[in-house]
Every structure is written in structure tokens, then in C-alpha cells.
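Working notes for the structure below.
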Amino acid sequence: MIHTIHVVLPAHLRTLARVGGEVSLEVEGAVTQRSVLDALEALYPVLCGTIRDHLTQQRRPFLRFFACQEDLSHESPDAPLPDLVVSGAEPYLIVGAIAGG
Amino acid sequence: MSSVRVLIGTHKGAFVLTSDGKRERWDVSGPHFAGWEIYHLKGSPADPNRIYASQTSGWFGQLIQRSNDGGKTWEPVGNKFVYDGTPGTHQWYDGTPHPWEFKRVWHLEPSLTDPDTVYAGAEDAAFFRSTDGGQNWQELPGLRASNTGPRWQPGAGGLCLHTIILDPSDPARIYIAISAAGAFRTNDGGATWQPINQGLRSAHIPDPTAEVGHCVHHIAMHPSRPNVLFMQKHWDVMRSDNAGDSWREVSGNLPTDFGFAIDVHAHEPETIYVVPIKSDSEHFPIDGKLRVYRSRSGGNDWEPLSKGLPQSDCYVNVLRDAMAVDSLDSCGVYFGTTGGQVYGSADAGDSWSPIVRDLPAVLSVEVQTLP
């Protein structure tokens, strides 16, 4: 089954990928953080390495992953995303940390 | 008529300035990559319209941008910098072993002959090469694998490979410098490297004359004399007349021999420029007076150059890659400051004026002289 997932990128990555607003991705099969990010990078190869480390595939330290008012940054990358994200009702948010001071 | 293009990397983007050969009026283009740190941009000597830029961010990591039209438009190319094999360790600040980790590219050095070949100096210190216009990068691991690699220790700014000099007379010979490991040379195109730090004396390390551990800030070479190198070390201005086999101090009458930038006149191989900075704890000019110092004798005898530069209340720094020269008949000299000014001199340093002011802090300045 193919799901349409909406992803919100930080402003700098929207500029880099030359997109405005949300990005809509088609994800086949299980909708997880890994499958969403894989689809995102496949559609926009310029984002490879900017969200996840090239080698380890770990989240870059100053980025967070949010959805449905929850911080998913420390969840398993293979855990299913919330139903509202899978259905396309809610976006998956990639957020740059805001430094205080 | 010849023209000049100045490539400026700043904390918040890149700027490209152009002028005709008079160098009186400048057109400013930018910011390119607004909001990103641009550590360095440099054009290919073989194709001046080919320019590479190192774009980096604490949030989003490293990107390499490439232009094929002199900086008007850009395209991101490869950003995968992977250390060869099992990376091993270098020394951390506390002396403990620390794994090598890629952080950013400090310096890009395009080949002298092939626009698609470009070298990158990385933090943690490593030497990378691309032969396909920046799409793919391979580490030349002989540098880190040399027997001193595990002893290298970062300076305050990180363990960065910040200087790459290609010998125009011998494609196999390359000089590089690392803070705070020192200077190194390869005679075989990067397969093997040797430290070239004999004669350096650094009071802040346990053995002041150690084989490695020196905080070399920058090195410059005149292309007509590839055996002669000039170095601004953390403290001390040095020169070598034998391709780095040995060094001697030429600080002479400088008011302070701390600094970052150093460069050589385009047509006078014994005329060199530095910007003395007060000290390692006070990174600004002495007495708030911004002065370039010029030696016409390859060091030791220095004259201050201040005409057109602020002579009161100036507390900026000039970073290691932020000075460059053009090669017009009357050599132009340029440098950028952490206050966002870029000063230019169209008369080899006798007089200066800002070619742009109020940019973000300037990290690097490179100059292209165009036909």
C-alpha cells in the first residue's frame, strides 16, 4: 500500500531542496521514520547527509523529529509513525534546534 | 581590460565582488547560501568560471557547492566525506585517544590544471580529493596514517587541515598545514607525507621543538619559487628556503609576531604581508590600530601600512584564509575582517580602502584575476 506523507522541513533545507511549504512523499509499505526519510532523500538527494549522518544514519544532533505534538527523536527509526501521519492528516516535522541565549 | 573577482566566505553566506582593473568601484553579489557558514571559496586556475565553495552548518552538516559561471549560479555537489578504512584515533584536548570524526571542510584547493580535480582540507584533519568536479570525494589516507597521526591534538579551533599549497613545478608535491599538528609535505601526490616542522619553536607545548604539535596558522608560497615558504605560526613568522625541510624565524621588527594571515606579492617573491594581532588571548590589533605589515626582504625588516585603515578603536581579527592578492601589474592585496569589512589595496599595500563593509564576519578571501 502506498501512503502520502507530508513532511515539513526547516527553512534552510527547503531552500536547499528548492521547495516551499510542505513536501509530500509517497511511502510504500510500513511508514516509519526510516522509510519516510529514505523516501525524502530519494526524492531530494541534496538532503542526504543534512538530516542523518551519511555513514551511521543517525539523526544529526541539532535536529529533532516531531509529529502529533510528540517528540519522536529518540524513538526507534523503525517504529511505526502515528496513524494521523500515516493517513496524511498530520505532518512529520523535521525541526532545527533553536539555540537559546 | 583585465578584471578582478573577489570571493568572500563569511559566517552567514558567500559574497562575490567584481571590479575592472582600476579596482575603484565594486559590484557586490550575495549573500549566496544565506545563513550558512561559508568557510572557503576558490576558483579553478584552469577554468576561472569553475568555483568551489564549502558550505557548512552546525545543524545540517557539510555541503559543497560548485559554480560553472563565475559564481552567478551554483549547484550542490557531493558532500560525503568518509574517512578511509577504520579511522583510529587522534589525541583529544585532555590527551586521551579520540576517534576521528568528520566535521567540516575548511579549505578547497582546485587543481592547477584540471577544473574537475579539487582537494579539500577537513576537520578532523584529513586530506580529500575529488576528480569529478566535487561529486565524489576520496580521502588520501597516507596523511592521517603517518606515524605521527595518533599524536595530533586539536587547537582551540579544532583539529583542522586549513592550508593546501600545490607546487606548480611538481604536481606530486603538496604542502598542507594542520592546527595544531604542524606542516606536512608529500612528494608523491599524497600517498606518503612527512612533517616539515624543523626549526619551529612553540613555547606552549611540552617539547618546544617537537616533530609535531605546532600551531601553524597559515603558509604562503610564491608560484615562481616553490621551495620558499612563508609561515604565520601561532606566534612567530617563519620562512623556509628548502621546501620546509627547515625553518627560520623572520619576525624581525614586527610589533607582535602573533597573527593568522600571510601572503606573498604576486610579482615580488620576497615581498610578504602579515596582519599582526596582539596576542593569543586578545585577537585584535595592537592599540586598536589596524595595520598590515609588509616586508620587501622576505622577512625581518617590516614596515607598517596604515593609509586608509582604521587607526583608532579597531578591534577586529583577520583570519588565516582571509588575505589574498591579485596579479594585475600593480599587485592588489585584499583582506577581510571579523567585523565584516574587506579592505583592498590597488598599490601593493601603500593605501587601502574598504571594497565592501558590514558583511558578516569574514572567514576567507580569495581573488581571481580575469583576462
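By convention in this document, chain letters (A, B, ...) are assigned in the order of the sequence lines, proteins followed by strands, and residues within each chain are numbered from 1. These numbers come from a predicted model, not from an experiment. All heavy atoms count here, side chains included; hydrogens, waters and symmetry mates do not.
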Within-4.5 Å side-chain heavy-atom neighbours: His12(A) and Phe60(B): yes
Would you please go through residues 62-71 of chain B and name the residues with a non-hydrogen atom below 4.5 Å from one of chain A, in numerical order? Leu63(B), Gln65(B)
Under a 4.5 Å heavy-atom criterion, the part of residues 90-109 of chain B in contact with chain A comprises none
Listed by residue number, which members of residues 23-37 of chain A have a heavy atom under 4.5 Å from any heavy atom of chain B? none
Inter-chain contacts: residues 45-74 of chain A against chain B, heavy atoms under 4.5 Å: Val46(A), Cys48(A), Gly49(A), Thr50(A), His54(A), Leu55(A), Arg60(A), Phe62(A), Leu63(A)
More than 12 heavy atoms of other groups within 6.0 Å of [X] [atom1]:
X: Arg129(B); atom1: CZ; value: no
X: Arg357(B); atom1: CZ; value: no
X: Asp83(A); atom1: CG; value: no

Heaviest contributor of heavy-atom pairs below 4.5 Å to chain A, chosen from Gln55(B), Lys80(B), Glu75(B), is Lys80(B)
Give, for atom CH2 of Trp36(B) and atom CG of Leu16(A), the distance between the pair rounded to the nearest 0.5 Å. 5.5 Å
